[in-house]
2 protein chains.
Amino acid sequence: MNGVFNSEMVAVFLAVMDTGSFSAAARQLGRVPSAISMAIANLEAELALELFDRSGREPKPTAQALALEPQARLLVAQLQQLNTQALELSQGLETRLTLVIAPELQSTQWVRPLQVLAREYPSLEVQVITAPQTDALRLLHDGGAQLALVFQRPAADGRESFQEVGRETLVAVIARQHLLLQELSSQGQLSDTQLRPVRQVMVGSRSQNDVNNPGGPFCITSEHYWRVDHPESALQMVLSGLGWAWLPRTFVQPYINGQMLVELPIANFTNGEELWVDLVWSRERPLGLGAQKFIALMAEQYRQTR
Amino acid sequence: MNGVFNSEMVAVFLAVMDTGSFSAAARQLGRVPSAISMAIANLEAELALELFDRSGREPKPTAQALALEPQARLLVAQLQQLNTQALELSQGLETRLTLVIAPELQSTQWVRPLQVLAREYPSLEVQVITAPQTDALRLLHDGGAQLALVFQRPAADGRESFQEVGRETLVAVIARQHLLLQELSSQGQLSDTQLRPVRQVMVGSRSQNDVNNPGGPFCITSEHYWRVDHPESALQMVLSGLGWAWLPRTFVQPYINGQMLVELPIANFTNGEELWVDLVWSRERPLGLGAQKFIALMAEQYRQTR
DNA sequence: CTCATCTTTCAGTATTTCTGATAGTAGCTA
DNA sequence: TAGCTACTATCAGAAATACTGAAAGATGAG
């Protein structure tokens, strides 16, 4: 226990500062008083600095010791942080958690669980990516992301696991000033044939693979549709009267309230199409502690608000 | 070199991270390769964490090691700071430097030298107090301050040492609209007898001891004078036309330029009274490194601007 | 004044780490 | 592919270091 300040010497120094005596410090550290006495004496000799005034029965910290104390405390705090982080890593905490979120779900509550996560694992580095459904799932399999917050529950091909963390309703919307609304009786339902001639704006991935999206809420399609890769784009197009689109209710609710959009009363879909919001991960890649905790937090939040 | 992270282990860990190999780290630390190998192996066993991938010829840091690196670097930086601070203290750096400044000298350049001081001794705690002349010198002898930046060079009674760090000119000023100015010929000098009936505002300490201020620029006094303990108060009183006062030129120059005050052309004092600006300290209390450095910086600044 | 408790010193012990040799291995070069 | 170089891992012995425990001196409280 020789030399200038190192972590052991700092521990001894602070134990003496805390307890106010060498003997008490020895008890606290599980040593014998003479060890503490010698350690401090060596330290003082090395530093050529008097740390404690021995004129009294108990050593009194000198002004210099008091000046060094804050920095010493900072040091042990940093050291403990390092060891805590190492422990977390050894217990399976990933060094980085990448979460990819479908754009339609930006508005859901995923920030608060992240806050809790950040408090529990301060050393965890988090990255949030926004990408459309299919890109998100591709990222998951590439290893570019560990978790995806998406809409459509993946096919049960066994490559992914998922956890339900919310519900969302898809509603068909159209601009208030759209011509279609004028041929609609005030309370009547909208039939297939009425809707088919109207242009539909469809949200899909950049990759063309999911054009043949079988079934699901997209089973009712118009003859002519335009494709966009981002719901925000779809919203803008619908707002400008270019056509109608299936969009999440929470996403368009402000515009419905603001009288800019109208919900289309499609027959058999009067209450919209209910979808699951899921956290998805790859079964091939074991999840780290952080990801598991995040899933648990999201699930718990969902349970409480349901 | 056992146990979880301590300062020695952090040093070894970072040496390996820096050099990229156990052998090179050993060379850097002046050890033998096997010592490094064993130390890292022990650390990994303790942490239950693989820090380096040994599949290749040279150890490759794992993601966990890379995640721990920043915190480890922070730690050694903190440790070095602690040791640097201890070294400075052992070399005589005071833990706290209290500087008392006469209010008239607030406007002089004492901040820049303090900036340099803060850069050189980051751990030095500085306190700046504003107090009138006599209070400042009393603080010096009480030990409440180490340095005083004051006007009047102290009496040569041997209790204080001083260093000249500037010059200042006292000028007699009065409000532009004061009646005295109307009975003054445009270019004429002002005699004693003309000035005596006019009320003088005198700056002095709260303590009444220095009423009998012999000689000096205050030798010319009016019959009636009011006392204030702060030049700012004096300035306000003079500005409102209550009387005239001796005040430092740099202190009142803005008001002279702004046509609010007029410099009184007193006979024999046409250029005002020149005073020294001194840094004063007690001879009974040896100065610390910081105070010495500050004095040197102030003196150098004075030399350059003279 | 006395006693309990604190600090310091010192010699011996015990633990720890370092050393140096050896073996095994990876990667480069011809 | 063979050979060479430089690296890591292992191990027993050596050296250094810190710890222990007893004894002595000193302080402050009652």
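As the structure is a computational prediction, the values presented were derived from the model and not from experiment. First the proteins, then the strands, lettered A, B, ... as listed; each starts at 1. For the numbers below, each heavy atom of this structure counts, side chains included, while hydrogens, waters and symmetry mates do not.
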B:His141 and B:Glu284: side-chain hydrogen bond (donor to acceptor under 3.5 Å, both in side chains), yes or no, with the steps? CA-CA 8 Å; B:His141 292 118; B:Glu284 297 159 7; 5.7 Å; no
Applying side-chain hydrogen bond (donor to acceptor under 3.5 Å, both in side chains), name anything that partners [X], two or more places apart in sequence or on another chain.
X        : result
A:Glu69  : A:Arg73
B:Gln127 : B:Arg96
A:Thr98  : none
A:Ser282 : none

Calculate the interatomic distance between [X] atom [atom1] and [N] atom [atom2]; express it in whole Å.
X       : N      : atom1 : atom2 : value
A:Ile36 : D:dT20 : CD1   : C1'   : 12 Å
A:Glu46 : D:dT17 : CD    : P     : 11 Å
A:Glu8  : D:dC19 : CD    : C1'   : 14 Å
A:Leu29 : D:dT20 : CG    : C1'   : 15 Å
A:Arg31 : C:dT16 : CZ    : P     : 12 Å

Interface with DNA chain D, restricted to residues 60-69 of chain A and to heavy atoms under 4.0 Å: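 Contacting residues: none.
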Under a 4.0 Å heavy-atom criterion, the protein footprint on nucleotides 5-10 of chain C, written with B, S and -, is BSBBB-
- Which pairs count as side-chain hydrogen bond (donor to acceptor under 3.5 Å, both in side chains) when at least one residue sits in residues 77-88 of chain A, sequence neighbours excluded?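 Sorted result for residues 77-88 of chain A: A:Gln78-B:Gln71, A:Glu88-A:Ser123.
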Kindly write out the residues that satisfy ring pair (Phe, Tyr, Trp, His ring centres under 6.0 Å) with B:Phe22, not counting sequence neighbours, or none if the list is empty.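 Expected list: B:Phe52.
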query = Who passes salt bridge (Lys or Arg N to Asp or Glu O under 4.0 Å) against B:Arg112, sequence neighbours left out?
reply =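 Listed in chain order: nothing, the list is empty.
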